[in-house]
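Comments concern the structure below.
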Amino acid sequence: ACLKKIWSLLISLMSALMVASPTSAKSIDDYAEESVPRLSAYLKINTINPPGNESRGVDYLSKILDSEGIGYEMVESAPNRGNLWARLRSVKPTRSQEALVLLHHIDVVPANRSYWSFDPLSGDVKNGFIYGRGAIDTKGLGIAQMQAFLALARSGEPLKRDLILMATADEEAGGFYGAGWLKDNRPELFKDVGYLLNEGGSGRLFGSEVAVMVEVTQKVPMWLRLTSTGRPGHGSAPQTETSVTKLVRGLKRISETEFPVRVTDPVATMFEGLASYQQGAEQAASANIREAVKDTNFLLETKLKNPAGHALLRNTCSITTLEGSSKINVVPAEAHAELDCRLLPDQDPDRFLEELALIINDPGISIKKIMSFTPAVSRTDTELFRAIERVSEQFFSANVIPTVAAGFTDSHFFRDMGITSYGFSPFAFGPNEFRGVHGNDERLSVEQLKRGVRVYYELLRDFTVAR
């Protein structure tokens, strides 16, 4: 009787385990459908940076992982600056390959409601789109990664390498409370990591064709603060020169300066790869970009039609903030401006600062470096790049083109560690769909998101499953 009871208990336990097993019936299509309400809910969480409050996003993502029975860790780099990661372990007999990280950032940039046609934190789903700040940059990517990660975990397929899902704080302000903090304070997380997928590239529609653009390097950000000094006074008694007039004069010189054109090898590869998607004179120019840039008319036309592409051809500086007196009738002793400069990867930063000082040509204006990173390029002759090529062919019938990003992402932290890092989002955007990123009315197509989950899932199966 005792043995019969034990046997009965064992059968009950085995049945319960089978019901709760990660291989129980839930398909990739289910995870794709589930991605829409999950992104909608994620967009409603206010993680605008500043101040960030990314711990709110960590709380939401952790509940999803809890619902799937997947363990995770989370840490705050500062109060309310949360970061989270979860790891699927490879099978020990095949554990010989470097781990892959799926990275997205939880924070989003501010949005001015006055210029939006809907609430930036609405998360509304209507007319085939999911609306809200971060839909593309990068909460949509994060949910696509999450759903593919969960589907792979539930499939029960043995992995040949560890897979890490990571969500971080502060990317929009430099990543120092997120990816940069983890790199410096939790280096053990990355000791066996060889690959990382992040934002920075995606499919782009050219008519009926798609080109999948994978970011392999980026221009180097150099954020600068200019301070002009002068004699303070009353606004009713104008002076011949003040801190403000000196600063305005220096900024005018910067704004009128076109830095020399220089086509780097990664940029040439990118333009040449895109040539077949162009027509007429544009096709010929892209195919031979080093010759094309000698034509000032081509440069002007590119700047007007494709400012992001033009920015890859030279160093740039944008004047973004101005600060003077706190009272309208007071001439300030100091006036300030901040510049967002982006340098070509082979530019010596110290030499650039020397050139900028010569352009300003005013010893009364000081230049302080706020932030700058080091350049790095990820190779394309890798297993992961080939997996991206296979999946891009499968879903988009598309060629994969290594590209250079004019903006920066957290990938530079990991390239500095020797980790091969690619910017790859599993979406294919039309000419106007990307316009809302850091702009107004950001949104992501429902079909893009659902397909993106499937794309990512197949990529993970290709690259991580033991065969």
Heavy-atom closest pair, residues [X] and [Y]:
{"X": "F298", "Y": "A285", "answer": "CE1-CB, 3.5 Å"}
{"X": "A398", "Y": "V212", "answer": "CB-CG2, 3.8 Å"}
{"X": "A376", "Y": "D416", "answer": "CB-OD1, 4.5 Å"}
{"X": "Y177", "Y": "S77", "answer": "O-OG, 2.6 Å"}
{"X": "V446", "Y": "F129", "answer": "CG2-N, 4.0 Å"}
{"X": "Y195", "Y": "V193", "answer": "O-CG1, 3.4 Å"}

Quick one: does any side-chain atom of [X] pair with a main-chain N or O of [Y] as donor and acceptor, under 3.5 Å?
{"X": "T138", "Y": "H105", "answer": "yes"}
{"X": "S40", "Y": "G123", "answer": "yes"}
{"X": "R133", "Y": "E442", "answer": "no"}
{"X": "S55", "Y": "G82", "answer": "yes"}
{"X": "E215", "Y": "T217", "answer": "yes"}
{"X": "D162", "Y": "A99", "answer": "no"}
{"X": "D441", "Y": "S117", "answer": "yes"}
{"X": "E157", "Y": "A466", "answer": "no"}
{"X": "R443", "Y": "A135", "answer": "no"}
{"X": "T320", "Y": "E338", "answer": "yes"}

Ring center gap for Y31 and Y457 short of 6.0 angstrom: no
[atom2] on [Y] to [atom1] on [X], rounded to 0.5 Å:
{"X": "Q147", "Y": "D30", "atom1": "CD", "atom2": "CG", "result": "10.5 Å"}
{"X": "E68", "Y": "K26", "atom1": "CD", "atom2": "NZ", "result": "4.5 Å"}
{"X": "L102", "Y": "M166", "atom1": "CG", "atom2": "CE", "result": "10.0 Å"}
{"X": "I367", "Y": "I370", "atom1": "CD1", "atom2": "CD1", "result": "12.0 Å"}
{"X": "L61", "Y": "R38", "atom1": "CG", "atom2": "CZ", "result": "10.0 Å"}
{"X": "L159", "Y": "T464", "atom1": "CG", "atom2": "OG1", "result": "5.0 Å"}

Of all residues at least two apart in sequence or in a different chain, which pass the side chain to side chain donor-acceptor pair (under 3.5 Å) check with D348? none
Contact list for [range], test salt bridge (Lys or Arg N to Asp or Glu O under 4.0 Å), sequence neighbours left out:
{"range": "residues 395-407", "answer": "none"}
{"range": "residues 311-323", "answer": "R225-E323, E258-R314"}
{"range": "residues 382-407", "answer": "R161-E383, R390-D462"}

Do the rings of F259 and F352 sit parallel, tilted or perpendicular, given the 30° and 60° boundaries? tilted
Kindly write out the residues that satisfy salt bridge (charged side-chain N to carboxylate O under 4.0 Å, His left out) with [X], not counting sequence neighbours, or none if the list is empty.
{"X": "R253", "value": "none"}
{"X": "D119", "value": "none"}
{"X": "D346", "value": "R262"}
{"X": "D59", "value": "K63"}

Just list the side-chain donor-acceptor pairs under 3.5 Å for residues 420-427, sequence neighbours left out, or say none.
{"from": "S421", "atom 1": "OG", "to": "I419", "atom 2": "O", "distance (Å)": "3.1"}
{"from": "Y422", "atom 1": "OH", "to": "R379", "atom 2": "O", "distance (Å)": "2.4"}
{"from": "Y422", "atom 1": "OH", "to": "T382", "atom 2": "OG1", "distance (Å)": "2.7"}

Any carboxylate oxygen within less than 4.0 angstrom of a Lys/Arg side-chain nitrogen, looking at [X] and [Y]?
{"X": "E355", "Y": "R351", "answer": "yes"}
{"X": "D265", "Y": "R290", "answer": "yes"}
{"X": "E188", "Y": "R186", "answer": "yes"}

Quick one: do L226 and I254 satisfy side chain to side chain contact (heavy atoms under 4.5 Å, CB included)? Show the steps, please. CA-CA 12 Å; L226 274 54; I254 294 170; 3.9 Å; yes
Evaluate the criterion side-chain hydrogen bond (donor to acceptor under 3.5 Å, both in side chains) for residue pair Q347 and N315; output intermediate values, then yes/no. CA-CA 8 Å; Q347 172 66 55; N315 298 323; 2.9 Å; yes
Apply the test ring-ring contact (aromatic ring centres under 6.0 Å, His included) to residues F373 and F413: give CA-CA distance (whole Å), side-chain angles for both, the deciding distance (0.1 Å), then the verdict. CA-CA 9 Å; F373 298 139; F413 289 118; 5.7 Å; yes
Might you confirm whether atom CD of Q279 has over 12 heavy atoms from other residues, nucleotides or ligands at distances under 6.0 Å? no
List the steps, then state whether side-chain hydrogen bond (donor to acceptor under 3.5 Å, both in side chains) holds for S27 with D29. CA-CA 5 Å; S27 70; D29 291 336; 4.5 Å; no
Tell me, do L65 and L150 make a side-chain contact under 4.5 Å, heavy atoms counted? yes
Quick one: does F271's side chain get under 4.5 Å of V263's, heavy atoms only? no
Identify all side-chain donor-acceptor contacts of residues 200-211 below 3.5 Å with residues at least two apart in sequence or on another chain.
{"from": "S202", "atom 1": "OG", "to": "R204", "atom 2": "NE", "distance (Å)": "3.4"}

Side chain to side chain contact (heavy atoms under 4.5 Å, CB included) with P375: which residues, sequence neighbours excluded? V220, P345
List in chain and number order the residues that pass side chain to side chain contact (heavy atoms under 4.5 Å, CB included) with K305, two or more places apart in sequence or in another chain; answer none if no residue qualifies. E282, E301
Please report the C-alpha distance between L353 and L224 in whole Å, then the side-chain angles of each, then the deciding distance to 0.1 Å, and finally whether the side chain to side chain contact (heavy atoms under 4.5 Å, CB included) criterion is met. CA-CA 10 Å; L353 287 177; L224 304 173; 3.7 Å; yes
Against T47, only a single residue in K139, R56, E54 fulfils side-chain hydrogen bond (donor to acceptor under 3.5 Å, both in side chains); can you say which? K139
Under the criterion side chain to side chain contact (heavy atoms under 4.5 Å, CB included), I'd like the reasoning laid out for L322 against L251: C-alpha separation, chi angles, the key distance, then a yes or no. CA-CA 10 Å; L322 295 169; L251 293 176; 3.4 Å; yes
Would I401 and L274 count as a side chain to side chain contact (heavy atoms under 4.5 Å, CB included) if you check the C-alpha gap in whole Å, the side-chain angles of each, and the deciding distance to 0.1 Å? CA-CA 7 Å; I401 301 171; L274 290 170; 3.6 Å; yes
